[in-house]
Amino acid sequence: GQAIRMQCTFPAGNLPASLYSWCSCPEPIRRFAPRPSDVRTAQEAVEYHREMVSQLEAAANELPLDEACERGDMRLFAQQYGLANALWEAEEPEQVDEAVAIGQRLLAAAPDDPYKIRAMVLEWMLEVGSWGDTLKLLARFPNDATEIWLWTATLVTFKAKGPSSKSAEAALKRALQ
């Protein structure tokens, strides 16, 4: 049969391995932190990006990520982004948790989120069931009026507060507008 290209999400495991086509390198990674063509598996991508992060941190004399971003040096940010995606793609629980933590650090380093990393982190938090952290992330960007943000806010508010709460009703009204 023909391989199926699919978005990597945790946990996959619902297709036989023979149907998988490794689907790494989403568009932003190709632009920010390209991987060499010989990196063909999620684990190889993790190793590659870990090495790049290590080299960049050493070269920057342990300069914190947010300070590097403020100075306009986005290489470490980009490789951390690549590492987070590779860890997520690896689909191992410990690596998935690390991916979410890196995503949160990236958002802390770029508070205005010009790269729209919040959508990726939001999706990951939902998939691992981090409802409390998801609520905090949603509250951090209250003016994001994208459809995905509004409906996710509604879902999470219903889950956290219950369907009869005033905040759940308000979230639903906002999403329907």
Side-chain angles (χ1 to χ4, degrees), residues 4-14 20-35 42 45-46 48-50 52-53 65-66 68-70 72-161 167-168 170-177:
I4 298 171
R5 286 193 63 76
M6 56 183 290
Q7 288 294 95
C8 299
T9 58
F10 174 82
N14 57 343
Y20 279 90
S21 173
W22 193 62
C23 55
S24 184
C25 264
E27 162 57 28
I29 293 176
R30 286 193 298 273
R31 192 175 52 222
F32 289 135
R35 297 174 184 164
V46 168
Y48 170 77
H49 287 293
R50 274 200 205 283
M52 294 303 297
V53 166
L65 183 61
D66 58 338
C69 290
E70 285 174 17
D73 185 353
M74 298 304 293
R75 294 173 301 162
L76 180 56
F77 186 93
Q79 290 299 330
Q80 288 275 3
Y81 180 79
L83 176 58
N85 275 278
L87 288 162
W88 183 264
E89 293 164 8
E91 297 186 341
E92 295 296 328
E94 302 82 25
Q95 291 180 318
V96 166
D97 290 342
E98 186 180 356
V100 173
I102 291 171
Q104 290 173 313
R105 283 198 306 271
L106 292 172
L107 282 171
D112 295 335
D113 191 25
Y115 309 105
K116 304 297 183 210
I117 291 170
R118 64 181 170 253
M120 172 188 76
V121 175
L122 180 72
E123 177 186 340
W124 290 355
M125 287 178 175
L126 287 171
E127 285 205 47
V128 299
S130 297
W131 296 99
D133 289 338
T134 303
L135 275 172
K136 290 176 191 171
L137 180 58
L138 289 164
R140 185 170 158 197
F141 299 98
N143 296 324
D144 188 332
T146 60
E147 188 174 348
I148 188 71
W149 205 259
L150 293 173
W151 284 107
T152 300
T154 302
L155 168 72
V156 172
T157 305
F158 268 73
K159 173 85 172 156
K161 308 280 184 176
S167 55
L172 180 59
K173 284 179 186 176
R174 184 168 183 233
L176 288 171
Q177 291 179 345

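None of the values given here were measured: they were computed from a predicted structure.
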> Stepwise, does the side-chain contact (heavy atoms from CB on, under 4.5 Å) test hold for L76 with V53?
Replying inline: CA-CA 6 Å; L76 180 56; V53 166; 4.0 Å; yes

> Can you list the steps and then say if M52 with L83 is a side-chain contact (heavy atoms from CB on, under 4.5 Å)?
Replying inline: CA-CA 9 Å; M52 294 303 297; L83 176 58; over 6 Å; no

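Once rounded to the nearest 0.5 Å, the distance linking OG1 of T152 with CE of M125 reads 12.5 Å.
Partners of Q104 under the side chain to side chain donor-acceptor pair (under 3.5 Å) rule, at least two apart in sequence or in another chain, do not exist in this structure. By the side chain to side chain contact (heavy atoms under 4.5 Å, CB included) test, K136 pairs with D133, sequence neighbours left out. Residues that satisfy the side chain to side chain donor-acceptor pair (under 3.5 Å) test with R50, not counting sequence neighbours, are E98. Looking at residues two or more places apart in sequence or on another chain, you find no side chain to side chain donor-acceptor pair (under 3.5 Å) involving Q80. For D97, there are no salt bridge (charged side-chain N to carboxylate O under 4.0 Å, His left out) partners, not counting sequence neighbours. Remark: F158 engages no residue in a ring-ring contact (aromatic ring centres under 6.0 Å, His included) (not counting sequence neighbours). Partners of A84 by side chain to side chain contact (heavy atoms under 4.5 Å, CB included), not counting sequence neighbours, listed by chain and number: I102, W124. Every residue two or more places apart in sequence or in another chain was checked for a side chain to side chain donor-acceptor pair (under 3.5 Å) with R140, and none qualifies. Every residue was checked against the salt bridge (charged side-chain N to carboxylate O under 4.0 Å, His left out) condition with R105, not counting sequence neighbours, and none meets it.
For the pair R75/Q79, no side-chain contact is recorded, criterion being any heavy-atom separation below 4.5 Å from C-beta on. Using a 4.5 Å heavy-atom threshold, the side chains of L107 and L137 count as touching. Side-chain contact between F77 and I117 is present, with at least one heavy-atom pair separated by less than 4.5 Å. W151 is listed as a side-chain neighbour of L172, based on a closest heavy-atom distance under 4.5 Å. Taking the side chain as every heavy atom from C-beta outward, M120 and N85 approach each other to under 4.5 Å.
Counting only residues at least two apart or in different chains, salt bridge (charged side-chain N to carboxylate O under 4.0 Å, His left out) contacts with residues 142-153 comprise R118-D144.
Counting all heavy atoms, side chain and backbone alike, W88 lies closest to V100 at CZ3-CG2, 4.2 Å. A pairwise comparison of heavy atoms in A171 and A153 identifies CB-O, 4.4 Å as the closest pair. The two residues W131 and V156 make their nearest non-hydrogen contact at CZ3-CG2, 3.6 Å. Pairing each heavy atom of A90 with each of Q95, the nearest pair is CB-OE1, 2.9 Å. Closest of all the heavy-atom pairs between V46 and L87 is CG2-N, 3.7 Å. The heavy-atom pair separating L135 from A160 by the smallest distance is CD1-CB, 3.5 Å.
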